[in-house]
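In what follows, every chain begins at residue 1, and chains take the letters A, B, ... in the order their sequences are listed. Below, all heavy atoms of this structure are taken into account, side chains as well, without hydrogens, waters or symmetry copies.
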Protein chains: 2
Amino acid sequence: MTSAAPPSRAHRPVEGRPGCSIEQALQLVGDRWSMLILRDTFRGLRRFDQIRRDLGIPKAVLSERLRKLVDAGILERRRYQEHPPRDEYRLTRMGRELSPILVALMHWGDRWLQESGPPTVLVHEPCGTDVHLGFHCATCGVDFGPLEIASRPGPGALR
Amino acid sequence: MTSAAPPSRAHRPVEGRPGCSIEQALQLVGDRWSMLILRDTFRGLRRFDQIRRDLGIPKAVLSERLRKLVDAGILERRRYQEHPPRDEYRLTRMGRELSPILVALMHWGDRWLQESGPPTVLVHEPCGTDVHLGFHCATCGVDFGPLEIASRPGPGALR
DNA sequence: CAAGTCGGTTCGGCGATCGAACCGACCGGA
DNA sequence: TCCGGTCGGTTCGATCGCCGAACCGACTTG
């Protein structure tokens with residue numbers, strides 16, 4: 001208890017443990033392949049072999065990951081033909097709500113990792129404007145950055 | 001993301017490979033530990049042993065990950081004392097801009113993985129409002145979801 | 001001088017991942 | 001009927017990367 005925290009930190013944009021949501025989320029989608037599988041499902045790929053060929057992932061690994069994502073409720077397996085029996089994997093609502101994570105990864109990669117500009121741009125379909133993902137405060141009516149974020153214990157905080 | 005090609009699309013709506021920004025980003029921060037290391041640095045942890053103890057990560061792995069993150073420009077290593085020589089790891093601008101990803105992961109985990117509510121909440125410091133991360137269209141002036149997103153080839157698209 | 005801290009590296013074991021092979025159900029063509 | 005191909009897997013042996021434990025040097029504190 002004597003541990004003096006490092007120089008007074010007022011802002012800690014992201015905080016957690018041990019039930020940290022980031023940690024929990026990463027246990028589901030934090031491995032090498034899951035995010036890429038999900039990216040593919042967002043792109044409209046739904047079938048085993050489509051995804052396998054696109055990613056070059058070993059079949060056993062894909063099989064296991066899909067099972068894991070279905071068990072978690074992120075994907076659902078839906079039969080689309082009876083003879084021969086064929087299933088496809090579709091995003092559930094839970095899965096679709098991962099989109100900000102994918103978009104954030106994409107924007108960050110575009111900005112910092114691509115030398116010749118974004119390979120793909122996302123647009124707001126109704127108007128064609130480039131998609132902007134950011135912190136927006138409804139109260140203040142402004143966009144803001146990570147330095148204006150503070151954290152507090154929430155209702156799920158134990159201890 | 002909705003541009004999920006009805007049957008008759010010959011070309012790929014999203015160029016997912018191999019220059020895909022999501023893939024590139026995941027090569028840097030998509031392994032089991034990197035995101036957690038970064039979460040800790042956002043929380044204000046800067047030193048090797050602090051992070052190691054917090055995560056329970058093997059030292060060899062932490063050492064290698066920190067090197068990788070420093071090489072990538074996400075963290076910087078800064079000497080903060082000479083005798084004995086001690087370094088700390090700090091987020092660069094590139095690193096700080098990962099915050100939307102962490103926040104998105106956190107929000108998703110809060111919503112779908114926590115039964116008793118978020119362990120931590122983030123607020124917009126100036127006004128105390130809960131942080132909202134989302135798609136906002138400056139042109140239309142509205143928030144929107146993934147179903148209103150379409151994708152197009154960008155300036156970095158080859159082929 | 002001994003014990004402890006900090007930031008590592010080295011090492012042997014082991015579990016996850018890899019590619020290749022195999023499989024059953026089905027389809028289309030010759 | 002036989003042949004080849006597709007689809008969605010499972011099984012298997014080899015290999016890769018992660019694991020915890022031990023060790024290390026530079027330094028501080030008691």
Side-chain heavy atoms of A:Glu125 within contact of B:Phe144, under 4.5 Å: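 No, too far: nothing below the 4.5 Å cut-off.
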Beyond-backbone contact of B:Leu38 with B:Ile101, side-chain heavy atoms, under 4.5 angstrom: no
Separation of atom CG in A:Leu55 from atom P in C:dC18, rounded to whole Å: 11 Å
Interatomic distance, A:Asp87 CG vs C:dA25 C1' [rounded to whole Å]: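 Answer to the nearest Å: 13 Å.
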Under 4.0 Å between a side-chain nitrogen and a carboxylate oxygen: does that hold for [X] and [Y]?
| X | Y | result |
| --- | --- | --- |
| A:Glu64 | A:Lys68 | no |
| B:Arg39 | B:Asp54 | yes |
| B:Asp49 | B:Lys59 | no |

Sub-6.0 Å ring centroid separation between A:His136 and B:His136: yes
Distance below 4.0 Å between A:Trp33 side-chain N/O and C:dA16 OP1 or OP2: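 No.
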Range on DNA chain D touched by chain B - first to last nucleotide, heavy-atom distance under 4.0 Å: D:dC18 to D:dT28
Closest heavy-atom pair and its distance - B:Val61, B:Ile57: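 Where B:Val61 meets B:Ile57 most closely, the heavy atoms are CG1-CD1, 3.9 Å.
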A:Arg32 or B:Pro85, whichever maps to the more 5' nucleotide of DNA chain C: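 On the 5' side of the pair lies B:Pro85.
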Residues that B:Arg90 engages under salt bridge (charged side-chain N to carboxylate O under 4.0 Å, His left out), provided they are two or more places apart: B:Glu88
Those residues of residues 56-75 of chain A lying under 4.0 Å from DNA chain D by at least one heavy atom: A:Lys59, A:Ala60, A:Ser63, A:Arg67
